[in-house]
Amino acid sequence: MKRHVLTVLMSLVAAVICGVIFVAALFHQLALVEVAASIFTGLQVFFLSSAIGDLLDGKKEPNRTRNSAVVLVTVFLLAFYSFTRYFH
């Protein structure tokens with residue numbers, strides 16, 4: 001149960017981070033980052049809803065593949081935003 005709560009919190013934080021990057025890219029007029037951030041924010045919300053579903057269903061273990069995808073997508077978007085912002 002505790003692992004599922006941590007998975008939900010991790011997915012929630014990742015979705016918030018992607019949303020913040022979207023808003024920051026919007027203010028800095030980085031169009032390609034805006035598109036990537038909006039797609040990844042939707043993907044993170046999907047992962048969040050899936051994690052909540054696993055919590056409510058009472059699954060034994062959280063999905064490790066989904067957790068890895070959540071972290072990788074967030075790290076990729078942070079790196080992409082940083083790279084684009086640095087060279088803009």
Side-chain angles (χ1 to χ4, degrees):
M1 180 78 168
K2 184 177 179 181
R3 289 183 182 177
H4 285 293
V5 172
L6 291 175
T7 299
V8 169
L9 289 175
M10 180 180 63
S11 296
L12 179 66
V13 168
V16 168
I17 289 171
C18 289
V20 167
I21 290 174
F22 172 75
V23 171
L26 187 66
F27 283 128
H28 295 292
Q29 297 180 352
L30 302 171
L32 192 58
V33 178
E34 287 176 36
V35 171
S38 66
I39 291 170
F40 288 154
T41 301
L43 186 65
Q44 295 289 17
V45 170
F46 173 74
F47 288 150
L48 175 62
S49 65
S50 180
I52 291 171
D54 284 352
L55 176 66
L56 294 176
D57 283 342
K59 301 244 176 157
K60 289 184 179 181
E61 292 289 322
N63 190 336
R64 290 183 182 182
T65 307
R66 182 182 57 234
N67 290 346
S68 298
V70 165
V71 171
L72 288 175
V73 165
T74 305
V75 168
F76 172 76
L77 187 59
L78 279 168
F80 184 56
Y81 174 74
S82 299
F83 177 79
T84 306
R85 181 87 168 114
Y86 180 75
F87 286 110
H88 186 266

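The figures here come from the full heavy-atom set of this structure, side chains too, leaving out hydrogens, waters and symmetry mates.
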Restricting to non-hydrogen atoms, name the atom on [X] and the atom on [Y] that form the minimum distance, rounded to 0.1 Å.
| X | Y | result |
| --- | --- | --- |
| Gly19 | Thr41 | N-OG1, 3.6 Å |
| Ala15 | Gln44 | CA-CB, 3.7 Å |
| Ser11 | Val70 | OG-CG2, 4.0 Å |
| Tyr81 | His28 | OH-CD2, 3.3 Å |
| Ala25 | Glu34 | O-OE2, 3.4 Å |

Report task. In sequence, state the C-alpha distance, the side-chain angles, and the governing distance for Val5 and Leu9, and then conclude on side chain to side chain contact (heavy atoms under 4.5 Å, CB included). Result -> CA-CA 6 Å; Val5 172; Leu9 289 175; 4.2 Å; yes
When you measure from the side chain of [X] to the backbone of [Y], do you find a donor-acceptor pair of N or O atoms at a distance under 3.5 Å?
| X | Y | answer |
| --- | --- | --- |
| Ser49 | Phe46 | yes |
| His4 | Gly58 | no |
| Asn63 | Thr65 | yes |

Once side chain to side chain contact (heavy atoms under 4.5 Å, CB included) is applied, do any residues pair with [X], and if so which ones, sequence neighbours excluded?
| X | answer |
| --- | --- |
| Ile52 | Val8, Leu48, Leu56 |
| Val35 | Ile39 |
| Val20 | Val16 |

Query raised in the report: In Å and rounded to the nearest 0.5 Å, what is the OG1 to CZ distance from Thr74 to Phe47?
Result: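 Going from OG1 on Thr74 over to CZ on Phe47, the span is 9.5 Å.
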Query raised in the report: Among all residues two or more places apart in sequence or in another chain, which pass the ring pair (Phe, Tyr, Trp, His ring centres under 6.0 Å) test with Phe87?
Result: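 Expected list: Phe83.
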Query raised in the report: Which residues satisfy the ring pair (Phe, Tyr, Trp, His ring centres under 6.0 Å) test with Phe40, sequence neighbours excluded?
Result: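 By the ring pair (Phe, Tyr, Trp, His ring centres under 6.0 Å) rule, Phe40 matches Phe76.
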Query - Residues which pass salt bridge (charged side-chain N to carboxylate O under 4.0 Å, His left out) with Arg85, listed by chain and number, not counting sequence neighbours - result: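 Here no residue qualifies.
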Report task. Show your reasoning for whether side chain to side chain contact (heavy atoms under 4.5 Å, CB included) applies to Arg66 and Thr7. Result -> CA-CA 9 Å; Arg66 182 182 57 234; Thr7 299; 4.2 Å; yes
Query raised in the report: Are Leu77 and Met10 joined in one hydrophobic group, where the rule is that I, L, V, M, F, W and Y side chains link up if heavy atoms are under 4.5 Å apart?
Result: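 Yes, Leu77 connects to Met10 through the hydrophobic network.
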Requested in this report: Decide yes or no for Pro62 and Asn67: does some side-chain heavy atom of the first lie under 4.5 Å from some side-chain heavy atom of the second?
Outcome: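 Result yes, sub-4.5 Å side-chain heavy-atom pair found.
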Query - Verdict with reasoning, Leu78 to Ile21, per side chain to side chain contact (heavy atoms under 4.5 Å, CB included) - result: CA-CA 8 Å; Leu78 279 168; Ile21 290 174; 3.4 Å; yes
**Report entry** side chain to side chain contact (heavy atoms under 4.5 Å, CB included) between Val73 and Leu43, intermediate numbers included
**Finding:** CA-CA 9 Å; Val73 165; Leu43 186 65; 4.1 Å; yes
